[in-house]
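Below is one structure; the comments refer to it alone.
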Protein chains: 2
Amino acid sequence: MNLSKSEEQLMQVLWRKEKAFMKNLIEAYPDPKPAQTTIATLLKRMQDKNFVDYKQHGRSREYFPLIEKKDYFTKQFNGILKNFFNDSASQFASFFTKETNLSKEELEELKKLIDKEIKTK
Amino acid sequence: MNLSKSEEQLMQVLWRKEKAFMKNLIEAYPDPKPAQTTIATLLKRMQDKNFVDYKQHGRSREYFPLIEKKDYFTKQFNGILKNFFNDSASQFASFFTKETNLSKEELEELKKLIDKEIKTK
DNA sequence: GATTAACCTCTACAAATGTAGAATAATTAT
DNA sequence: ATAATTATTCTACATTTGTAGAGGTTAATC
């Protein structure tokens, strides 16, 4: 089961805050803020999909994500890799290197990272 | 306007084939193949969204994509970058390098690419 | 103790999506 | 020609998504 667009957006808020009460969630939205009930609906659906849970705190709930952003992203990314790059990460990497306009400095930085990574293999 | 999941899937077929008649499109699907009318509906919607057009060939149509896979991907990817990596390509790159399990060889290969890219700057 | 604020559940409803039958037209094979 | 195949359009319908009102509960405030 996957998150829909607006659920994902709410998830991003939750990841940023790590945990939050209803009020905090709504605050995080830019104007025009969504109705409370809208957020409540999304949260409920996300609970059904097992992406979110909460801790009862007195009268209200403190919501928190059940999946780490990193893991969620990785899953999404792998789907993309499969569809667009024939499941080949290196094919993607080559595309990425050419098409993203990283600055010279960023590229140098990246090279260092790769070197470090190579050493761990 | 964006493609939905199953529209995107059909788009992938079209990109692979470059252009195709209804029949060819359906052939490309694994069993159980979708009904012709299903594909027809998707194609129509994709035309409305300006992702697909066709050339009339006698009685039937030869469909073709109006957007290149590369461009479509880039647009999608940029959205992801924004949401997950704070719009920072290099932040993504670092994540990618660590989390994707590229082989030593692939990493070396990638390093070479980056070097080449650096030279163009 | 009545009023207000926060928040939860239920219900609703329009738009988008996934999927396809019915009807129709044209095309080809028998 | 007649039947069988293929494609197209229209219509349909269930599900998912985006968004929120109404109504009820609890907690804090005046």
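Because the structure is predicted, anything quoted here is derived from the model rather than measured. So you know, we letter chains A, B, ... as the sequences are listed, proteins then strands, and number each from 1.
Legend: ring-ring contact (aromatic ring centres under 6.0 Å, His included) pairs involving residues 96-121 of chain B, not counting sequence neighbours, sorted by first then second residue: Phe77(A)-Phe96(B), Phe92(A)-Phe96(B), Phe92(B)-Phe96(B). Pairs engaging residues 25-50 of chain A under the side-chain hydrogen bond (donor to acceptor under 3.5 Å, both in side chains) rule: Glu7(A)-Lys49(A) [sequence neighbours left out]. Residue pairs satisfying the salt bridge (charged side-chain N to carboxylate O under 4.0 Å, His left out) criterion with at least one member in residues 64-82 of chain B, sequence neighbours excluded, are listed as follows: Glu99(A)-Lys70(B).
Scanning for side-chain contact (heavy atoms from CB on, under 4.5 Å) contacts around Glu106(A) gives Leu102(A), Ser103(A), Ser90(B), with sequence neighbours left out. Applying the side-chain contact (heavy atoms from CB on, under 4.5 Å) test to Ala28(B) and every residue at least two apart in sequence or in another chain returns Val13(B), Lys17(B). Qualifying side-chain contact (heavy atoms from CB on, under 4.5 Å) partners for Ser60(B), counting only residues two or more places apart in sequence or in other chains: Phe21(B).
In this structure, the NZ atom of Lys5(A) is 12 Å from the P atom of dT17(C), given to the nearest Å. As a whole-Å value, the separation of Tyr54(A) OH from dT9(C) C1' is 11 Å. When rounded to the nearest whole Å, the span between CG of Leu3(B) and P of dT17(C) equals 9 Å. Between the NE2 atom of His57(A) and the P atom of dA6(C) there is a distance of 19 Å, rounded to whole Å.
Remark: Glu18(A) CD is loosely packed, at most 12 non-hydrogen atoms of other residues, nucleotides or ligands lying under 6.0 Å away. Counting heavy atoms of neighbouring residues, nucleotides and ligands inside a 6.0 Å radius, atom NZ of Lys112(A) does not exceed 12 of them.
The NZ atom of Lys98(B) lies 7.0 Å from the NZ atom of Lys116(A); values are rounded to the nearest 0.5 Å.
Within residues 27-53 of chain A, the residues approaching DNA chain D are Pro34(A), Ala35(A), Thr37(A), Thr38(A), Thr41(A), Arg45(A), Lys49(A), by heavy-atom distance under 4.0 Å. A heavy atom lying under 4.0 Å from DNA chain D marks none of the residues of residues 8-21 of chain A. Looking at residues 61-69 of chain A, you'll see Arg61(A), Tyr63(A) sit with a heavy atom under 4.0 Å from some atom of DNA chain C.
For the residue pair Leu81(A) and Ser88(A), the shortest heavy atom distance occurs at CD2-O, 4.0 Å.
Annotation for Met1(A): hydrophobic cluster partners, listed by chain and number, are none (ILVMFWY side-chain heavy atoms under 4.5 Å, direct or chained). Through chains of ILVMFWY side-chain contacts below 4.5 Å, Leu66(A) is grouped with Phe64(A).
A nucleotide of DNA chain D counts as in contact with chain B when one of its atoms lies under 4.0 Å from a heavy atom; the first and last such, 5' to 3', are dT6(D) to dT9(D).
Aromatic ring orientation, Phe95(B) versus Phe85(B): tilted (interplanar angle from 30° to 60°).
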